[in-house]
Amino acid sequence: MNYLEQMFGLQGKTAVIIGGGGVLGGKMGEALARAGAHVAVLDLNLPNAQKQSEAFRAFGVRSLALQADASSKQSLQDAADGILAQFGRADILLNAPGVNSATPFFDITEEEYENILRINLKSMFLACQIFGKIMIRQGYGGSIINISSASSGPPLSKIFTYSVSKAGVNNLTQFLAREWAPHRVRVNALAPGFFPAEQNRKILTKERTEDIFRHTPMGRFGDPQELAGAVIWLASANAASFVTGAVIRVDGGFTAMTI
């Protein structure tokens, strides 16, 4: 085994991706599969999960697709039981459910507000409860990667509830990192900048896109493949062994920009 394989290889590990049927979840899952991890893909949309799972198997790893409602503890527990029955372990959790809305503040209904928090924050909380307990019980550590956002603070305009939910993700991440460090379960957040996907495409108007590019030193959107390196690094027990409670920004310099 060469140095890079020793540091970053994930052979023999099992990764769980919640929201793995989407564009970003799929690309991050591909990175884990290419690094050697077996991958369980959980998504409310089972055909999307199955499509991603089939693609991952092309890299010589085992992969399982499961339908799961990330905001239901029972649904996630059933999925976790299936994963343990299939793979016998869970080493990596990539927590990537997400929904967005550009409703003006005074027009946001209670239903919309609660739905976004349910999907973006409650789902993260439940997954960490279930898979964190598995990792602690296993006794050999693990890595949880919660997907945050450039909007987690300072918040972006026009997406109030989304920004609130992602600020909560950062707080949850740091709380659990502190609590679970003695068990060698590392908990970090990955905060992408602007990566066009179905959940945000409708709010990326020409004017907003121009604003984003002006505020991004690299002057462009991110490509989903550009999340791969950070995901593999955070997942690796060797390369990121002393990294926990961090919010890693992959945003083309967006959050470093002022004027």
Let me see the working for Ile232 and Met28 under side-chain contact (heavy atoms from CB on, under 4.5 Å), right down to the final yes or no.
CA-CA 8 Å; Ile232 293 172; Met28 291 185 283; over 6 Å; no

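- Residues passing the side-chain hydrogen bond (donor to acceptor under 3.5 Å, both in side chains) test with Gln74 are Asp78, sequence neighbours excluded.
- Of all the heavy atoms in Gly29 and Val39, the pair that sits closest is O-CG2, 4.2 Å.
- The backbone N or O of Ala90 lies less than 3.5 Å from a partner atom in the side chain of Gln138, making a donor-acceptor pair.
- Contact check for Trp233 versus Phe8: side-chain heavy atoms found under the 4.5 Å cut-off.
- Ion pairing between Asp211 and Arg214 holds under the 4.0 Å rule for side-chain N and carboxylate O.
- Residues Thr244 and Trp180 fail the side-chain proximity criterion, which asks for heavy atoms closer than 4.5 Å.
- Annotation: side chain of Val99 is not in contact with side chain of Tyr162 (no heavy-atom distance under 4.5 Å).
- Contact of the Ile159 side chain with the Ser151 side chain is registered, since non-hydrogen atoms from C-beta on lie closer than 4.5 Å.
- Side-chain contact between Ser236 and Met7 is absent, with no heavy atoms from C-beta onward closer than 4.5 Å.
- Nearest heavy-atom pair across His183 and Glu179 is CD2-O, 4.2 Å.
- Side-chain atoms of Gln77 and Asp81 form a donor-acceptor pair, as typed in the model, at a separation below 3.5 Å.
- Shown here for Ser152 and Asn170, the closest heavy-atom pair between the two residues is OG-ND2, 2.9 Å.
- Linking Ile, Leu, Val, Met, Phe, Trp and Tyr whenever their side-chain heavy atoms come within less than 4.5 Å leaves Val247 and Leu121 in two separate clusters.
- Every salt bridge (Lys or Arg N to Asp or Glu O under 4.0 Å) that Arg89 has, sequence neighbours left out, goes to Asp91.
- Two different hydrophobic clusters hold Val41 and Phe59 under the rule that ILVMFWY side chains link at heavy-atom gaps under 4.5 Å.
- A donor-acceptor contact shorter than 3.5 Å is absent between the side chain of Asp43 and the backbone of Leu46.
- Atom NZ of Lys73 sits about 6.5 Å away from atom CZ of Phe125, to the nearest 0.5 Å.
- Contact check for Pro97 versus Met124: side-chain heavy atoms found under the 4.5 Å cut-off.
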With side-chain contact (heavy atoms from CB on, under 4.5 Å) as the criterion, how do Leu66 and Ile83 come out once you've worked through the C-alpha distance, each side chain's angles and the decisive distance to 0.1 Å?
CA-CA 9 Å; Leu66 293 168; Ile83 291 164; 3.9 Å; yes

Where do Asp69 and Ser75 land on the side chain to side chain donor-acceptor pair (under 3.5 Å) test, with the steps shown first?
CA-CA 6 Å; Asp69 178 354; Ser75 182; 5.9 Å; no

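- At a threshold of 4.5 Å between non-hydrogen side-chain atoms, the residues Thr14 and Ile92 do not count as touching.
- Aromatic rings from Phe254 and Phe194 are positioned such that their centres are separated by under 6.0 Å.
- Distance alone, capped at 3.5 Å, places no donor-acceptor pair between the His38 side chain and the Ser63 backbone.
- Between the side chain of Ser143 and the main chain of Leu234, a donor-acceptor pair closer than 3.5 Å is present.
- Within 6.0 Å of the CE atom in Met257, the count of heavy atoms belonging to other residues, nucleotides or ligands exceeds 12.
- Rounded to the nearest 0.5 angstrom, Phe221 CZ and Thr209 OG1 are separated by 4.0 Å.
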Could you give me the CA-CA distance, side-chain angles and deciding distance for Ser241 and Arg184, then say whether side chain to side chain donor-acceptor pair (under 3.5 Å) is met?
CA-CA 9 Å; Ser241 57; Arg184 293 185 298 146; over 6 Å; no

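- Here Val61 sits alone; no ILVMFWY side chain lies under 4.5 Å from its own, so it joins no hydrophobic cluster.
- Side-chain contact check for Glu30 versus Gln225: some heavy-atom pair is nearer than 4.5 Å.
- For Glu114 and Lys122, the salt-bridge test fails: no basic side-chain N is under 4.0 Å from an acidic carboxylate O.
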Quick one, Arg118 with Glu111, criterion salt bridge (charged side-chain N to carboxylate O under 4.0 Å, His left out). Give me CA distance, side-chain angles, the key distance, then yes/no.
CA-CA 10 Å; Arg118 176 178 62 84; Glu111 181 181 14; over 6 Å; no

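- For the atom pair CG (Leu42) and CG (Leu76), the distance works out to 7.0 Å, reported to the nearest 0.5 Å.
- With sequence neighbours left out, the side-chain hydrogen bond (donor to acceptor under 3.5 Å, both in side chains) criterion links Lys133 to no other residue.
- A chain of hydrophobic side-chain contacts below 4.5 Å, direct or via other Ile, Leu, Val, Met, Phe, Trp or Tyr residues, connects Val243 to Leu94.
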What do the steps show when you test Ile144 against Cys128 for side-chain contact (heavy atoms from CB on, under 4.5 Å), and what is the final call?
CA-CA 8 Å; Ile144 294 175; Cys128 287; 4.0 Å; yes

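- Within a 6.0 Å sphere centred on CD of Glu210, other residues, nucleotides and ligands contribute more than 12 heavy atoms.
- Residues Gly193 and Ala150 share a closest heavy-atom pair of CA-CB, 4.0 Å.
- Interatomic distance, Asn146 CG to Ser123 OG, rounded to the nearest 0.5 Å: 11.5 Å.
- Distance check: Thr103 OG1 to Ile116 CD1 gives 7.0 Å after rounding to the nearest 0.5 Å.
- Across Ile130 and Ala80, no two heavy atoms sit closer than the pair CG2-CB, 3.7 Å.
- In plain terms, the two heavy atoms of Ser53 and Leu64 that are nearest each other are OG-N, 3.4 Å.
- For the atom pair CD of Gln6 and CG of Asn238, the computed distance is 6.5 Å after rounding to the nearest 0.5 Å.
- Hydrophobic clustering (side-chain heavy atoms under 4.5 Å, transitive across Ile, Leu, Val, Met, Phe, Trp, Tyr) keeps Tyr140 apart from Val16.
- Within the 3.5 Å criterion, the main-chain N or O of Ala65 finds no donor-acceptor partner in the side chain of Gln50.
- Using a 4.5 Å cut-off between side-chain heavy atoms of Ile, Leu, Val, Met, Phe, Trp and Tyr, Phe106 falls into a hydrophobic cluster with Phe105, Ile108, Tyr113, Leu117, Phe160, Val164.
- If you run side-chain contact (heavy atoms from CB on, under 4.5 Å) between Ser148 and each of Val169, Asn95, Asn188, Ile248, only Val169 comes through.
- Connection of Phe213 to Met218 is not established within any shared hydrophobic cluster, with ILVMFWY side chains joined at heavy-atom distances below 4.5 Å, either directly or through further cluster members.
- At a threshold of 4.0 Å, the pair Arg57-Glu54 does not count as salt-bridged, since none of the basic side-chain nitrogens sits closer than that to a carboxylate oxygen.
- Pairs passing the salt bridge (Lys or Arg N to Asp or Glu O under 4.0 Å) check and including a residue from residues 236-259, sequence neighbours excluded, do not occur.
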Passes side chain to side chain donor-acceptor pair (under 3.5 Å), Glu112 versus Ser101? Steps please.
CA-CA 8 Å; Glu112 178 182 299; Ser101 173; 3.1 Å; yes

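- Although no hydrogens or angles enter the test, the distance criterion places a donor-acceptor pair under 3.5 Å between the side chain of Arg186 and the main chain of Ala240.
- Proximity of a side-chain donor or acceptor of Thr216 to a complementary backbone N or O of Ile212 within less than 3.5 Å is detected.
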